[in-house]
Every structure is written in structure tokens, then in C-alpha cells.
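Worksheet for the structure shown next.
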Amino acid sequence: MTTTDPAESVVTEPLEDEASILDSSDPLRSHRDAFVGAETSLVYFDGNSLGRPLRASVERLAAFARDEWGGRLIRGWDESWMQLPFEIGDAVGRTAIGAAPGQTVIGDSTTVLLYKLVRAAFDAAVAADPARVEIVVDRDNFPTDRYLVEGIAAERGGRVRWVDVDLAGGVSASALSEAVGPETAVVLLSHVAYRSGYLTDAATLTRIAHDAGALIVWDLCHSAGSVPVEADAWDFDVAVGCTYKYLNGGPGSPAFAYVASRLQDRLAQPIQGWMGTADVFAMGPSYRPADGMRRFLSGTPPIVGMLAMQDTLALLEEVGIDAVRAKSIALTEFAVRVADQLLAPLGVTVASPRDPAERGGHVTLSHPSMRRVTARLWTQDVIPDYRDPGGLRIGLSPLSTSFAETLAGLRAVEAAVRAES
Ligand SMILES: *Cc1c(COP(=O)(O)O)cnc(C)c1O
């Protein structure tokens with residue numbers, strides 16, 4: 001596959017040429033330089049687990065500590081911090097999840113927000129119809145989603161109804177149709193499957209849940225900032241998503257919650273803290289939930305954790321989620337093509353959907369040696385992650401990943417699979 005150009009006496013590889021053409025025609029290419037570490041040769045394939053920081057965030061964090069925390073001290077709450085969860089929530093709504101203002105807030109971790117909102121949705125569904133005692137969730141949903149649903153069912157006298165799925169795929173319309181019915185209270189699904197990258201048809205699945213009379217909670221952890229979401233247009237009830245993945249909020253940055261306006265005053269969340277009350281500083285004798293999204297907060301908002309995500313949200317606002325998705329598709333298409341060419345001969349298979357319309361922002365490559373391959377790659381500054389059984393996840397965060405980086409990483413995977421097989 002090697003061709004020599006006699007005029008320049010250089011060896012060119014067709015795949016390297018292709019990567020370089022794709023990079024030079026990529027309208028988002030200049031944004032990669034805005035990330036810390038872009039100048040190094042490190043290959044980062046895990047922006048879907050922990051996004052790289054933007055350089056602007058380094059400055060923002062330092063300035064915050066110095067000027068706002070250090071300078072304004074407790075006055076900062078009145079001056080700006082109390083409103084920040086709502087302002088940033090609205091920015092998430094506007095730029096990433098298709099939500100009109102007043103329906104999205106930055107709160108606790110994804111796990112805690114999902115717990116609060118799945119439980120609130122379950123209680124609301126049971127209050128409306130006591131026959132609805134089931135929470136529908138798939139067996140390959142992210143562990144925290146499965147575990148918290150088991151806890152809520154046990155706590156509230158409900159039942160979990162498990163949907164079986166193909167590990168290289170996800171929840172289809174027909175699988176969900178079979179699982180829901182007159183006993184369904186709530187459905188909890190991931191929009192993009194964390195293992196396979198399967199992208200569900202969220203509008204259709206929402207309609208299926210609604211037609212069965214159930215509420216649906218969407219986990220947007222692997223979609224926010226990578227895949228367009230239209231929470232309002234697709235008639236979502238509730239959604240929760242991570243901000244430290246494609247939104248580059250930093251390790252443990254707090255999650256966002258979306259609750260459709262029409263449902264907000266019907267949902268009562270279980271962690272009744274002072275920050276969720278109507279008049280926070282009235283310090284009243286008992287809990288009275290605020291109107292609107294404030295009622296889903298519990299304690300003091302984690303302000304430091306919500307600083308960095310603002311830089312990615314500003315960038316998303318500038319470039320638009322559709323451009324991000326177009327690059328994401330181009331990156332995953334390229335990765336699949338390279339894997340077919342370099343890795344399939346070694347027995348590596350693609351454990352993600354091949355149709356880009358059914359695939360989110362990562363590609364999972366499967367081979368029995370992948371656990372050892374991952375460990376070897378990390379020592380070489382090539383950083384994918386590993387998920388059982390035998391899955392190497394290639395996360396291609398569109399704003400911070402180039403085609404050349406993708407190819408260099410996959411060539412390293414090829415060498416590592418050879419070495420470990
Ligand atoms: C990453 C991820 C989570 C993580 O939840 P945390 O509370 O932030 O640890 C939850 N659900 C899905 C689908 C994820 O991908």
C-alpha cells in the first residue's frame with residue numbers, strides 16, 4: 001500500500017494522505033488548538049469519558065479564584081452565583097439539547113439527579129394511576145442507571161422491567177414497544193449507549209413511552225455536546241446528562257437536568273433541601289418547593305465545578321451542534337474505515353453500529369486482547385478506554401480530535417494488538 005513519489009523522494013501512505021485531506025477540509029480544525037495539550041503528540045480517545053480542558057478554562061478557573069471567590073467573597077452569591085445554575089442550564093438547553101429557557105438547571109452528579117428525577121417521575125405516575133408500578137430500563141444501560149432504578153423500585157414498592165439488548169447495538173423501537181404497557185410508570189433510557197455507541201431514535205422511543213401512558217427519562221451523558229438533541233421538539237419529559245464528557249467541564253463537574261415546563265409542578269423530588277425552596281433565605285419552618293427548576297436543587301450549588309463547561313458551551317454556541325455532529329460522523333466513519341483496513345485482518349471487529357445514523361460519537365473495537373492493549377497504549381500516551389467484554393472504546397470528541405490523531409492512534413492500536421496477541 002506504499003507509493004513513492006519520485007519527484008520528492010518521500011514515501012506517502014494513502015491513509016495518512018486521506019487524514020491530511022480530511023483535516024485540511026475540516027471547518028472546525030482550528031478549534032483543536034484551543035485545547036490544552038493539543039500541541040503534544042498524545043492521542044486522546046477518551047473525550048467521551050473526560051473531555052480535555054479548553055485553554056480558556058485554565059484562565060477562567062484562575063480568574064475565578066483570584067477575583068470572584070477571593071475578591072467578592074460571600075457577596076458573590078448575591079451578585080452572580082445564585083443564578084449560575086439556571087443561566088448555565090439555559091445555555092445547555094440552547095446550545096446542546098434543544099430546550100427553551102427555564103427547563104434546564106445544573107445540579108448534582110448525574111447519579112443523584114437521575115435518582116431524584118426518576119423517583120419523582122415514578123411517584124407522579126403512580127399518583128395518577130396506581131396500576132403503574134414498573135420502571136423499564138435496559139440490561140445494558142450504564143451501571144448507575146440500573147442500580148438506582150433497582151433502589152427506587154425497592155424503596156417505592158415498584159418493579160423493574162428489564163429490556164434485553166444486543167451489546168453491539170441498543171434499545172430498538174420494537175424492543176421498547178414490547179416492554180411498555182398499562183403497568184409502566186417510567187422508562188429510563190440512554191440516548192447514546194455507553195458501550196456500543198448506539199444512537200437511539202429518541203423521538204420515536206419517547207412517543208412509544210407516551211402512547212403507553214408512561215413518562216420517560218433520558219440519560220444524555222454520551223450525547224450532550226456531541227449529538228443533536230431536541231428535548232422540546234421530541235416531547236421529552238425529563239433528561240439528565242453529564243458535563244465532564246463532551247462538554248469538557250472537568251472531573252466531577254455537576255450534571256444538568258431538564259424537566260419539561262408542563263411537568264415541573266407535578267414532580268416532587270426526594271432530597272428536600274433549602275436551595276430548592278421558594279424563598280431560600282426566608283429560612284422558613286418547613287419545606288415549600290419553589291416554582292420552576294429551582295425545586296430540583298437540594299443544597300448549595302457546586303459553583304467551582306460549573307465554571308469550565310461555560311467555555312465549551314460558548315464554543316458550541318459559536319459553531320453549532322450540527323457542525324459538531326457532521327465532524328463527529330466524519331471522524332467515526334474514518335475510524336471504522338481504518339479499523340476495517342488495519343485491524344480486521346488481526347481479528348478485530350467493530351462492536352458499534354456501522355450506520356452513522358445509528359451511532360453516536362465513539363466506536364468500540366472488539367478483540368480478546370483489548371484489556372492488555374489498553375494498558376500498553378496508555379504507557380505510550382495513546383489513551384482509549386476499555387469496557388468488557390473485550391471492547392476498546394475510541395472516543396472521538398469532535399472539537400478536540402483531528403483525523404491525523406485518529407489515524408496515529410489506530411496505528412498504535414494495530415501495533416499493540418500484534419504485540420499482545
Ligand atoms: C458517564 C455516565 C454516567 C455517570 O454518572 P455520574 O453520576 O457522573 O458518575 C451516567 N450515565 C451514563 C449513561 C454515563 O455515560
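It should be emphasised that the depicted structure is a prediction, and the values quoted were computed from it without experimental measurement. Just follow the structure's listing: the first ligand is 1, and inside any ligand the first atom is 1. Counting begins at 1 with the first residue of the sequence.
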Looking only at non-hydrogen atoms, which of Thr111, Asp219, Thr243, Val192 approaches atom 13 (C) of ligand 1 most closely? Asp219
Short N/O distance, under 3.5 Å, between Tyr194 and ligand 1? no
Ligand-side contact atoms (ligand 1) for residue partner Asp145, heavy atom cut-off under 4.0 Å: 10 (C), 11 (N)
Which atoms of ligand 1 have any heavy atom of Cys242 under 4.0 Å away? 1 (C), 2 (C), 3 (C), 4 (C)
Nearest-option assignment for atom 8 (O) of ligand 1, heavy atoms, candidates Trp218, Phe142, Tyr244: Tyr244
Ignoring angles and geometry beyond distance, decide whether Ser190 reaches within less than 3.5 Å of ligand 1 through its nitrogen or oxygen atoms. no
Can Asp311 and Ser57 be counted as having a side-chain donor-acceptor contact under 3.5 angstrom? yes
What verdict does the side-chain contact (heavy atoms from CB on, under 4.5 Å) test give for Val417 and His367, after you've listed the backbone C-alpha separation in whole Å, the side-chain angles of each residue and the deciding distance to 0.1 Å? CA-CA 8 Å; Val417 171; His367 189 272; 4.1 Å; yes
List every atom of ligand 1 that sits less than 4.0 Å from any heavy atom of Ser109, numbering the atoms from 1 in the order shown and giving each element. 7 (O)
Could you walk me through whether Ser352 and Ser196 satisfy the side-chain hydrogen bond (donor to acceptor under 3.5 Å, both in side chains) test, starting with their C-alpha distance in whole Å, then the side-chain angles of each, then the deciding distance to 0.1 Å, before giving a yes or no? CA-CA 5 Å; Ser352 294; Ser196 67; 5.8 Å; no
Does either side chain, that of Lys116 or that of Ser298, offer a donor lying less than 3.5 Å from an acceptor on the other one? yes
Does one side chain, of Tyr258 or Asp232, offer a donor that lies under 3.5 Å from an acceptor on the other? yes
So, the side chain of Arg295 versus the backbone of Leu267: is there a donor-acceptor pair under 3.5 Å, distance only? yes
Using a strict 4.0 Å cut-off to heavy atoms of His222, name the atoms of ligand 1 that fall inside it. 15 (O)
Protein heavy atom at shortest distance from atom 15 (O) of ligand 1: Lys245 NZ, 2.6 Å
Taking only heavy atoms of Cys221, which atoms of ligand 1 are found under 4.0 Å from at least one of them? 2 (C), 3 (C), 10 (C), 11 (N), 12 (C), 13 (C), 14 (C), 15 (O)
Could you tell me if the ring centre of Phe281 sits under 6.0 Å from that of Trp77? no
Which of the numbered atoms in ligand 1 are under 4.0 angstrom from any heavy atom belonging to Thr144? 10 (C)
Quick one about Thr332 and Arg359 (side-chain donor to acceptor, distance below 3.5 Å, no hydrogens or angles considered), yes or no? yes
Which protein heavy atom lies closest to atom 5 (O) of ligand 1, and at what distance to 0.1 Å? Thr110 CB, 3.4 Å
